[in-house]
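Have a look at the structure below before the remarks.
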Amino acid sequence: MTDHAKLTGRPVISSTGLFTPSESITNEELVASFNEFVKRHNERNAALIEVGDMEPLAPSSVEFIEKASGIKARHVMAKKPVLDPEIMAPRWPQRSNDELSILAEIGVKAARDALDRAGRRPEDVDAVLCAASNMERPYPAMAIEIQQALGIEGFGFDMNVACSSATFGIQTAADYIRAGNAKSVLVVSPEITSGHLNWRDRDSHFIFGDVATAVLVEDAGVAPAAHWDIIGTKLKTVFSNNIRNNFGFLNRAYPEEAGGADKLFVQEGRKVFKEVVPMVAQMIIDEAQRLDLDPQGLRRLWLHQANTGMNRLIAHRVLGHEANEDESPTVLDTYGNTSSAGSIIAFHLHSDDLQNGDTGLICSFGAGYSAGTVFVRKAA
Ligand code: COA
């Protein structure tokens, strides 16, 4: 039973949780599979290529991937089919409606980790938001399935703001706390990005990895003594076609197009890089000023994990100097881009060492465009 007199309307992060798939693909394994696919494709189409009716596919390279992105490996839910040059997509046994969905399964694992770390039981939680880029189905909501699997009363719903889903989820949860509509909200981000990634596309086949994270947002009055005060949250969206995925059930009207490459992740990587870096850096600086914080005094930035180059530039603009790994930690090398989960993994793995009163920033950016900032201060 909650003692309602204790509620403050002040949102905090009580804990986070992480589920990491056991399987991982190195750049070397990825490139070997991709280049075998390229070889077979070019052999199959040798006649067309010979007469100039088809461009041969070009091979990928480990050196390019590491230099362009900072990614060395990525976790996946199904390694074998992804690396099979004849499949190059995740596969697992289809589940019946009576079994837990795979997206809900990994979301539940991350959520249980967050609940355990905060010493919470499911009955303490009022709401579940499943905030992720690629839902397994339109309905029933993944959040409601996760809610049921955990045994939580109250309500749940899905939200998709691509790579910014988790920060948008945190603000939504914080707003429920601020309004007094909930005292404890789980924001779960199961990201099986391997399903939407085009593993046959040289420009992007190396980018994404699978993972699940959870963030427990609570009223300060019921939170554990060790928590993170949410000092302020800010969201921003600006429409852009530079990162896009056209998959959807309306494609049914055009069956001949249903399998097209634009039904998977596509991007204009260079444009994204150029447009998103200044937008996000300015947003962070403006929001810090609004909150009366010196951006250069931020102890740590837990930035969205898309690309080391983007993070280096954003951190430099915010902190006023080249950030080191301690100031702006990266998890890209082992996780790749995990969409909305990236900044939460960085926070989860690299926040225990901060001291009482230290201020930091969780920040996301991605398709939409969308960007979210969550300024936090360590308490106890
Ligand atoms: N292996 C080897 N060479 C490759 C390659 C691969 N897998 N993919 C592309 N190349 C080549 C290109 O053909 C090009 O060659 P050219 O200069 O002879 O024409 C060269 O490398 C540069 O390609 P480009 O696509 O311009 O690379 P980039 O330096 O812009 O890096 C990204 C690509 C995606 C890593 C980069 O644009 C980026 O980080 N963008 C940010 C957006 C992002 O990460 N979004 C994720 C969703 S939030």
Side-chain angles (χ1 to χ4, degrees), residues 16-19 77 90 95 97-115 122 125-177 179 181-182 184-197 208 210-217 233 235 237 243-251 263-265 304 338-345 364-372 374:
T16 52
L18 175 64
F19 165 76
M77 294 297 288
R95 299 184 180 191
N97 288 356
D98 296 328
E99 294 173 279
L100 193 65
S101 309
I102 190 162
L103 203 75
E105 180 187 309
I106 68 169
V108 163
K109 286 180 178 165
R112 283 199 205 285
D113 186 26
L115 291 175
V125 179
D126 305 316
V128 177
L129 310 185
C130 183
S133 294
N134 296 280
M135 297 300 166
E136 190 168 339
R137 57 169 185 262
Y139 45 81
M142 300 309 304
I144 303 176
E145 191 180 2
I146 293 169
Q147 176 198 352
Q148 195 229 21
L150 290 168
I152 290 172
E153 287 183 23
F155 66 95
F157 61 89
D158 293 348
M159 49 190 293
N160 177 355
V161 203
C163 289
S164 285
S165 298
T167 55
F168 276 58
I170 291 172
Q171 170 158 321
T172 305
D175 284 343
Y176 282 129
I177 308 291
N181 285 326
S184 183
V185 183
L186 260 175
V187 181
V188 187
S189 300
E191 292 285 13
I192 303 188
T193 63
S194 55
H196 83 130
L197 178 56
F208 289 101
D210 298 338
V211 80
T213 57
V215 181
L216 185 64
V217 180
T233 55
L235 310 179
T237 49
I243 314 174
R244 192 160 172 136
N245 184 335
N246 284 335
F247 186 79
F249 60 87
L250 291 187
N251 298 144
K263 308 304 180 299
L264 296 167
F265 169 89
H304 173 49
T338 49
S339 195
S340 73
S343 57
I344 308 301
I345 306 173
S364 70
F365 41 88
Y369 296 133
S370 58
V374 180

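Residue numbers count from 1 along this sequence. Below, each value reflects all heavy atoms present in this structure, side chains not excepted, and no hydrogens, waters or symmetry copies.
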*Do the charged groups of E105 and R95 touch, with an N to O distance under 4.0 Å?*
yes
_Can a side-chain donor-acceptor contact be found between S164 and S370 if the only test is distance below 3.5 angstrom?_
yes
Looking only at heavy atoms, what is the nearest atom pair of [X] and [Y], with distance?
X: T338; Y: E191; value: O-CG, 3.4 Å
X: D113; Y: L18; value: OD2-N, 2.9 Å
X: A214; Y: I344; value: O-CG2, 4.5 Å
X: V187; Y: A173; value: CG2-CB, 3.8 Å
X: P190; Y: C130; value: CD-SG, 3.6 Å
X: V188; Y: A111; value: CG2-CB, 4.2 Å

*Check L150, I146, V215 against L186 for a side-chain contact (heavy atoms from CB on, under 4.5 Å) and give me the one that passes.*
L150
*Looking at L235, V185, D175, V374, which hits side-chain contact (heavy atoms from CB on, under 4.5 Å) with I170?*
V374
Could you tell me the separation between the [atom1] atom of [X] and the [atom2] atom of [Y], rounded to the nearest 0.5 Å?
X: S189; Y: I106; atom1: OG; atom2: CD1; result: 10.0 Å
X: L103; Y: M135; atom1: CG; atom2: CE; result: 7.0 Å
X: N245; Y: L197; atom1: CG; atom2: CG; result: 10.5 Å
X: S133; Y: F265; atom1: OG; atom2: CZ; result: 10.0 Å
X: F155; Y: L129; atom1: CZ; atom2: CG; result: 7.0 Å
X: I345; Y: H304; atom1: CD1; atom2: NE2; result: 10.5 Å

Report yes or no: does [X] contribute a side-chain atom to a donor-acceptor pair with the main-chain N or O of [Y] at less than 3.5 Å?
X: R112; Y: L115; result: no
X: N246; Y: K263; result: no
X: E136; Y: M142; result: no

*asked:* Set out, in order, the CA-CA distance, both residues' side-chain angles and the distance that settles side chain to side chain contact (heavy atoms under 4.5 Å, CB included) for H196 and S339, then state yes or no.
replied: CA-CA 11 Å; H196 83 130; S339 195; 6.0 Å; no
_Steps toward side chain to side chain donor-acceptor pair (under 3.5 Å) verdict (S165, S340)_ = CA-CA 5 Å; S165 298; S340 73; 4.6 Å; no
_CA sep, side-chain torsions, deciding dist, call: F208, N134, side chain to side chain contact (heavy atoms under 4.5 Å, CB included)_ = CA-CA 12 Å; F208 289 101; N134 296 280; over 6 Å; no
